[in-house]
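One structure is given here, and the rest of the page talks about it.
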Amino acid sequence: MSSHYPFRLTIWLAVSAAAVALLAPAALQAQTAPPPAGQHAALSDQAQTGNASENKTGNASENKAEPKPAPESSVPSAATTANANPAAKGITGKAIDKVKEAAKSAGDIFSRVPCLPPKGASKTMGSLPRVASKLANGQPVVIVAFGSSSTQGYGSSAPEFTYPNRLAAQLRRQYPTAYISVVNAGKGGEDAPEMMKRLQTAVIDLHPDLVIWQVGTNAVLRNLDPDETAKLVEQGISRIQAVGSDVVLIDPQYSPRVNEHAESAGKMTKLLGKVAELRKVGIFPRFAVMKDWHEKQAIPIENFVTSDGLHMSDWGYACFAQLLGDDIIKSVGQIKLGVNVPSDVRTYRPM
């Protein structure tokens with residue numbers, strides 16, 4: 001063996017080590033480089049999630065991993081979908097927040113502007129014997145809210161703010177053991193002529209204990225003869241009473257659009273009052289109540305009427321339903337006490 005062999009071996013080893021050192025970064029880079037597009041499907045969901053979170057500050061199109069195909073029989077859970085899709089989770093969160101905000105608004109709607117009945121007016125709707133007796137005894141009750149867009153709820157921000165739904169909630173709180181169904185049979189744009197055509201199917205066939213009939217506004221706006229409207233309403237009440245149902249009439253709303261037809265509106269409210277007296281049914285004088293809000297309680301019209309100058313707002317529907325519900329509750333109390341108040345006594349009629 002040559003005496004120079006150890007020296008040559010040492011040099012060879014040094015050169016080999018240097019080569020390894022130079023090649024190591026390239027090998028490491030090759031190992032950490034993203035796999036070809038075709039290999040993404042083989043990645044686990046965990047690996048995809050990790051890559052997405054680590055690279056979220058980079059270019060979205062470069063870092064987006066293709067999702068692993070799920071078996072046809074598997075259905076992803078809502079939680080999995082929300083975690084895998086931040087956008088969907090954000091939409092869900094916004095929807096939940098909106099519902100919470102609506103519930104909060106429904107609860108504190110009167111904290112900003114209190115709902116008060118007109119002062120110095122009669123506070124008795126009259127006798128509602130059928131529905132009052134059933135509520136007093138905790139029996140199932142069917143109430144049909146019949147009318148036009150005010151009943152349907154045009155102008156409210158959500159279904160729960162319509163007057164039939166507000167009324168149902170109030171009565172259910174008051175009578176928790178009774179099954180109370182409030183059917184919304186409102187249809188925008190209609191008045192007595194159209195309502196009479198669907199009275200049988202929309203109202204009578206449901207065998208209601210109470211019918212709350214809101215009528216007259218569109219007749220005023222369409223310049224229909226108030227006398228003809230009153231005659232149709234009287235005929236309708238007669239048919240409803242024939243099946244044993246209680247009836248409460250609701251006259252037009254006090255609003256800028258209705259007030260443009262002041263003479264017709266005034267005549268309509270008087271005639272509906274006379275019909276209620278003649279047929280011995282209850283009446284809620286909405287026009288007078290809303291007028292009192294504005295003229296005596298100094299509540300701005302925009303607080304209870306929407307920007308279209310006609311339909312009621314959330315607060316308007318809520319207060320209307322509250323006062324109407326209070327009257328129904330009073331009628332139940334009278335039945336419990338054995339008091340029978342004549343139906344022709346007006347509700348909240350300012351004098």
Side-chain angles (χ1 to χ4, degrees), residues 102-111 114-117 122-147 150-153 156 158-186 202-214 240-241 243-250 276 280-286 289 314-343 345-348:
K104 180 177 183 297
S105 178
D108 66 7
I109 194 167
F110 295 141
S111 66
C115 175
L116 302 173
S122 172
K123 296 184 179 180
T124 304
M125 173 176 291
S127 180
L128 301 174
R130 177 163 170 166
V131 68
S133 178
K134 283 197 167 187
L135 286 174
N137 295 311
Q139 297 177 340
V141 169
V142 176
I143 299 173
V144 174
F146 189 44
S150 287
T151 299
Q152 187 176 6
S156 63
E160 59 266 29
F161 292 120
T162 65
Y163 104 73
N165 283 339
R166 296 285 303 199
L167 176 64
Q170 180 184 0
L171 295 179
R172 288 167 186 159
R173 289 192 302 268
Q174 183 72 21
Y175 309 105
T177 61
Y179 179 80
I180 301 172
S181 174
V182 179
V183 179
N184 190 330
V203 179
I204 295 175
D205 286 351
L206 301 181
H207 307 289
D209 300 297
L210 171 63
V211 177
I212 304 172
W213 191 354
Q214 169 259 314
I240 295 169
Q241 288 179 319
V243 297
S245 304
D246 296 330
V247 181
V248 173
L249 291 181
I250 307 293
K280 299 189 183 303
V281 301
I283 184 167
F284 185 94
R286 181 169 57 148
V289 169
D314 286 344
W315 188 95
Y317 284 127
C319 192
F320 162 39
Q322 179 73 40
L323 298 179
L324 177 61
D326 288 346
D327 270 355
I328 294 173
I329 292 169
K330 287 184 179 72
S331 183
V332 176
Q334 291 159 2
I335 291 291
K336 288 182 176 181
L337 294 173
V339 178
N340 186 19
V341 178
S343 297
V345 177
R346 294 294 175 268
T347 306
Y348 302 132

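Taken to the nearest 0.5 Å, the CG atom of Leu128 stands 12.5 Å off from the NZ atom of Lys330. Between the CD1 atom in Ile250 and the CD1 atom in Ile283 there is a gap of 8.0 Å [rounded to 0.5 Å]. Going from atom CG of Asn184 over to atom CD1 of Ile212 covers 10.5 Å, rounded to the nearest 0.5 Å. Atoms SG and CZ, on Cys319 and Arg166 in that order, are 10.0 Å from each other to the nearest 0.5 Å.
Applying the side-chain hydrogen bond (donor to acceptor under 3.5 Å, both in side chains) definition to pairs two or more places apart or across chains, those involving residues 132-146 are Lys134-Asp209.
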For residues 172-183, run the donor-acceptor check on the side chains, cut-off 3.5 Å, and write out each pair with its distance to 0.1 Å, sequence neighbours left out.
unit_1 : atom_1 : unit_2 : atom_2 : d
Arg172 : NE     : Ile180 : O      : 3.1
Arg172 : NH2    : Ile180 : O      : 2.8

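Residues forming a side chain to side chain contact (heavy atoms under 4.5 Å, CB included) with Gln152 (at least two apart in sequence, or on another chain): none. Contacts of Phe320 classified as ring-ring contact (aromatic ring centres under 6.0 Å, His included), with partners at least two apart in sequence or in another chain: Tyr163, Phe284. When the side chain to side chain donor-acceptor pair (under 3.5 Å) test is applied to Ser150, the partners found at least two apart in sequence or on another chain are Arg286. Taking Asn165 as the reference, Thr162 meet the side chain to side chain donor-acceptor pair (under 3.5 Å) condition, with sequence neighbours excluded.
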*Would Val248 and Asp327 count as a side chain to side chain contact (heavy atoms under 4.5 Å, CB included) if you check the C-alpha gap in whole Å, the side-chain angles of each, and the deciding distance to 0.1 Å?*
CA-CA 11 Å; Val248 173; Asp327 270 355; over 6 Å; no
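The shortest non-hydrogen separation linking Val247 to Gln241 is CG2-CG, 4.4 Å. Across Ala318 and Ile109, no two heavy atoms sit closer than the pair CB-CD1, 4.1 Å. What you find for Gly282 and Ala276 is that their closest heavy atoms are O-CB, 4.3 Å. A pairwise comparison of heavy atoms in Phe146 and Ala202 identifies CE1-CB, 4.4 Å as the closest pair. Residues Leu171 and Gly325 approach most closely at CD2-O, 4.4 Å, considering heavy atoms.
For the pair Gln322/Gln170, a side-chain contact is recorded, criterion being any heavy-atom separation below 4.5 Å from C-beta on. Using a 4.5 Å cut-off on side-chain heavy atoms (C-beta onward), Trp213 and Ile240 make contact. The side-chain heavy atoms of Val141 and Leu210, taken from C-beta on, include no pair separated by under 4.5 Å.
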